[in-house]
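Data block below; observations after.
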Amino acid sequence: MYQYILLIIAVILVSYIGLGILAKYYLYYCFCRKISGSRKVYLTFDDGPDAAVTPKILDLLEGFGIRATFFLSGENILRHPELVKRIIESEHDIGGHGYNHIHPWRSGPVKTLRDIYQIRKVFRSLGERGRTALYRPPYGKLNLVQLLCWLWMGQRLVFWTLDPRDYLGHSGTQVGREVLDRLVPGSVVLLHDSRRAPDSDGRVTVEALRLILEEAQEREFSFATIGELYGEEGY
Ligand SMILES: [Zn+2]
């Protein structure tokens, strides 16, 4: 009897986490195929908006005339609606990034469903402005419930190809150089307009972004949003 219970628990865990891992790798492969032919570079910002960091990033992007994609946390949308309005009015793309940034493998089905319900509710409250089919899973990971829900709701799961880890305490110059040394057409760059990690510093991302934009412009890279990558389907 004891063995059967263990077996049932193992099957549930393998389904809940294992299928999420397998599906993530398949979806990541599809995502890489999608961007492989692109001549553009895609800047993406996760976890915001943040009162201290997001306005500086928006100022910089505006100064260089570049549009990016912001994957917003539901909690932060409610905290800073004026910044969400500014992001949208500046014609950047937005996508969901969970309500509370829960880790999919450490969150059961109930907690996961609650997070999905809450982020959907927040985006619906933005009306037409909140209409998006873009979703970036927190930590780039999925559990089975998230996978089924987001695909059922027709969301496009967006990953990244270049993560300079602006949340690990590196300097802005280090983060900027890490991006610039690896930047190629089709790169999807992961940055953060937040200070979620204890050792992260929003100034690092701002300094890195300035360096990236200056040099990328000299090297004649052109930028686009993830919505543009998918065309009208991205909305
Ligand atoms: Zn995140």
Practice task
Heavy atoms only: give me the nearest Ser187-Leu162 pair and the separation to one decimal.
Solution key: OG-CD1, 4.0 Å
Problem - Exam field: side chain Thr132 to backbone Ile94, donor-acceptor pair closer than 3.5 Å - result: yes
Exercise for the section: Give a yes-or-no answer on whether the side chains of Asp50 and His80 include a donor-acceptor pair shorter than 3.5 Å. Expected result: no
Practice task
Inspect the contact between Glu89 and Arg86 and indicate whether a charged nitrogen and a carboxylate oxygen are less than 4.0 angstrom apart.
Solution key: no
Practice task
Name all residues meeting the salt bridge (Lys or Arg N to Asp or Glu O under 4.0 Å) criterion together with Glu207; count only those two or more places apart in sequence or in a different chain, and write none if there are none.
Solution key: none
Exercise for the section: Would you please name every residue forming a side chain to side chain contact (heavy atoms under 4.5 Å, CB included) with Leu27, sequence neighbours left out? Expected result: Leu142, Leu147, Leu157, Phe159
Practice task
Let me see the working for Arg182 and Glu178 under side chain to side chain contact (heavy atoms under 4.5 Å, CB included), right down to the final yes or no.
Solution key: CA-CA 7 Å; Arg182 294 168 54 200; Glu178 168 82 9; 2.6 Å; yes
Problem - OH on Tyr26 to CG on Leu22, rounded to 0.5 Å - result: 12.5 Å
Practice task
Just jot down the side chain to side chain contact (heavy atoms under 4.5 Å, CB included) partners of Tyr29, sequence neighbours excluded, or say none.
Solution key: Arg33
Practice task
Taking Asp193 for its side chain and Pro49 for its backbone only, find out whether a donor-acceptor pair lies under 3.5 Å.
Solution key: no
Handout entry: All pairs passing ring pair (Phe, Tyr, Trp, His ring centres under 6.0 Å) where residues 205-227 contributes a residue, at least two apart
Key = none
Exercise for the section: Check salt bridge (Lys or Arg N to Asp or Glu O under 4.0 Å) between Glu215 and all other residues, then give those that pass, not counting sequence neighbours. Expected result: Arg177, Arg219
Handout entry: All side-chain hydrogen bond (donor to acceptor under 3.5 Å, both in side chains) counterparts of Arg79, not counting sequence neighbours
Key = Asn76
Problem - Residues in side chain to side chain contact (heavy atoms under 4.5 Å, CB included) contact with Gln155, at least two apart in sequence or another chain - result: Arg120, Ala133, Tyr135, Trp150, Met153
Problem - Derivation of the side chain to side chain contact (heavy atoms under 4.5 Å, CB included) call for Arg136 and Trp160 - result: CA-CA 9 Å; Arg136 173 170 278 162; Trp160 58 86; 3.6 Å; yes
Practice task
Using salt bridge (Lys or Arg N to Asp or Glu O under 4.0 Å) as the criterion, list what pairs up with Arg210, not counting sequence neighbours.
Solution key: none
Handout entry: side chain to side chain contact (heavy atoms under 4.5 Å, CB included) against Ser107, all qualifying residues, sequence neighbours excluded
Key = Ile102, Lys111, Thr112
Practice task
Working to the nearest 0.5 Å, report the span between OG of Ser90 and CD1 of Ile66.
Solution key: 13.5 Å
Practice task
List the steps and the verdict of side chain to side chain contact (heavy atoms under 4.5 Å, CB included) for Leu72 and Val122.
Solution key: CA-CA 10 Å; Leu72 307 170; Val122 171; over 6 Å; no
Handout entry: Over all atoms of both residues, closest heavy-atom pair of Gly48 and Ser194
Key = N-CB, 4.3 Å
Practice task
Dump the intermediate steps for salt bridge (charged side-chain N to carboxylate O under 4.0 Å, His left out) on Glu228 and Lys40, then the final yes or no.
Solution key: CA-CA 10 Å; Glu228 287 171 309; Lys40 311 272 185 180; over 6 Å; no
Fill in the blank from the handout: Applying ring-ring contact (aromatic ring centres under 6.0 Å, His included) to Phe45 and not counting sequence neighbours gives Phe70
Practice task
Please report the closest heavy-atom contact between Ala68 and Leu61, naming both atoms and the distance.
Solution key: CB-CD1, 3.9 Å
Completion exercise
Taken in chain and number order and not counting sequence neighbours, the residues that satisfy side-chain hydrogen bond (donor to acceptor under 3.5 Å, both in side chains) with Arg114 are none
Handout entry: Lys141: partners by salt bridge (Lys or Arg N to Asp or Glu O under 4.0 Å), with sequence neighbours left out
Key = none
